[in-house]
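A quick write-up on the structure given underneath.
Since this is a predicted model, take the numbers as computed values, not measurements. We number each residue from 1, following the sequence as shown.
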Amino acid sequence: MLALWLLLTAPINLMAQKLTLADPFGEGAVLQQNSVINIWGTAAPYKEVTGEIQGKQFKTKSDKSGRWETTLSELKSGGPYQLKVSSGTTQLIRNEIYVGEVWIAAGQSNMAWTLEQSYQGKSISKMQRTPIFAF
């Protein structure tokens, strides 16, 4: 019975050993400006996790199940910025992190419209594109 329990729980324990960033912090992520931002992931249990973005450093420790979390604040808008997270000898680097306004949109069928189909969309779409151009 013990062997079966070890066999079934081994994948869970191995997953917690790996340094990860949660899915929202992948390449191309946009973090909310002028706000406190929670950032989290997993690492080996009880291990120090350090990181840096925009020259601001953070340090935290994973809990018994390997989960870690910290907060970032006062990030300047713009990008792309590099986010580095390390634990032990492992380092994760995201090279395309942006900071700006994050909007969550919800609606009905009109949410599938393209910009050109929207009110004054054709004139907006012809505007000069800047490095960060979003609708």
Side-chain angles (χ1 to χ4, degrees):
M1 189 64 144
L2 178 60
L4 179 61
W5 179 81
L6 289 172
L7 181 65
L8 294 175
T9 61
I12 295 169
N13 292 333
L14 290 175
M15 286 175 45
Q17 304 296 320
K18 184 178 178 185
L19 177 64
T20 66
L21 272 166
D23 289 344
F25 308 105
E27 295 290 353
V30 180
L31 306 178
Q32 178 63 46
Q33 67 181 0
N34 302 322
S35 182
V36 174
I37 300 156
N38 291 325
I39 183 170
W40 65 94
T42 62
Y46 303 111
K47 294 294 181 181
E48 182 175 88
V49 177
T50 60
E52 179 182 355
I53 185 170
Q54 292 186 359
K56 297 176 189 296
Q57 298 179 349
F58 62 85
K59 182 166 55 169
T60 188
K61 195 171 188 177
S62 61
D63 66 14
K64 67 181 178 183
S65 62
R67 294 183 188 103
W68 62 268
E69 182 177 345
T70 191
T71 57
L72 305 171
S73 61
E74 300 180 23
L75 296 179
K76 297 177 185 172
S77 64
Y81 295 111
Q82 187 177 72
L83 171 63
K84 295 180 186 178
V85 176
S86 301
S87 183
T89 59
T90 305
Q91 183 177 54
L92 300 176
I93 299 176
R94 302 293 186 261
N95 289 305
E96 194 177 342
I97 302 294
Y98 297 90
V99 178
E101 289 298 319
V102 177
W103 293 74
I104 298 176
Q108 299 176 6
S109 60
N110 60 351
M111 292 299 293
W113 288 1
T114 63
L115 175 61
E116 287 79 15
Q117 293 172 309
S118 301
Y119 176 70
Q120 295 184 345
K122 289 185 182 189
S123 62
I124 292 171
S125 67
K126 292 178 184 175
M127 294 172 61
Q128 180 181 358
R129 306 260 186 215
T130 60
I132 299 177
F133 181 87
F135 176 75

Taking every non-hydrogen atom, the tightest pair across [X] and [Y]:
X     : Y      : result
Glu74 : Gln54  : O-OE1, 4.4 Å
Val30 : Val102 : O-CG2, 3.5 Å
Ser65 : Arg67  : OG-NH1, 3.0 Å
Val49 : Leu19  : CG1-CD1, 4.5 Å
Val36 : Ser73  : CG2-CB, 4.2 Å
Gly79 : Tyr81  : N-CE1, 3.5 Å

[X] side chain to [Y] backbone, donor-acceptor under 3.5 Å:
X     : Y     : answer
Thr60 : Glu69 : yes
Ser87 : Glu48 : yes
Glu96 : Glu27 : no
Ser62 : Tyr46 : yes
Thr42 : Lys18 : yes

Point to revise | Chi angles and distances behind the side chain to side chain contact (heavy atoms under 4.5 Å, CB included) call for Glu101, Gln32 | key: CA-CA 5 Å; Glu101 289 298 319; Gln32 178 63 46; 3.3 Å; yes
| query | Any side-chain heavy atom of Lys56 within less than 4.5 Å of one from Leu75? | reply | yes
Taken in chain and number order and not counting sequence neighbours, the residues that satisfy salt bridge (charged side-chain N to carboxylate O under 4.0 Å, His left out) with Lys64 are none
Output for pair (Leu72 CG, Ile97 CD1), nearest 0.5 Å, gives 10.5 Å
Between the NZ atom in Lys122 and the CD atom in Gln117, the distance rounded to the nearest 0.5 Å is 9.5 Å
### Query
Counting heavy atoms not belonging to Asp23, are there more than 12 under 6.0 Å from its CG?
no
Per side-chain contact (heavy atoms from CB on, under 4.5 Å), Leu83 is matched among Leu92, Asn95, Ile39 by Ile39
Does the side chain to side chain contact (heavy atoms under 4.5 Å, CB included) test come out yes or no for Gln82 and Ile93, once each step is laid out? CA-CA 7 Å; Gln82 187 177 72; Ile93 299 176; 3.5 Å; yes
- Task: Look at the aromatic rings of Trp68 and Phe58 and report parallel, tilted or perpendicular, splitting at 30° and 60°.
- Result: parallel
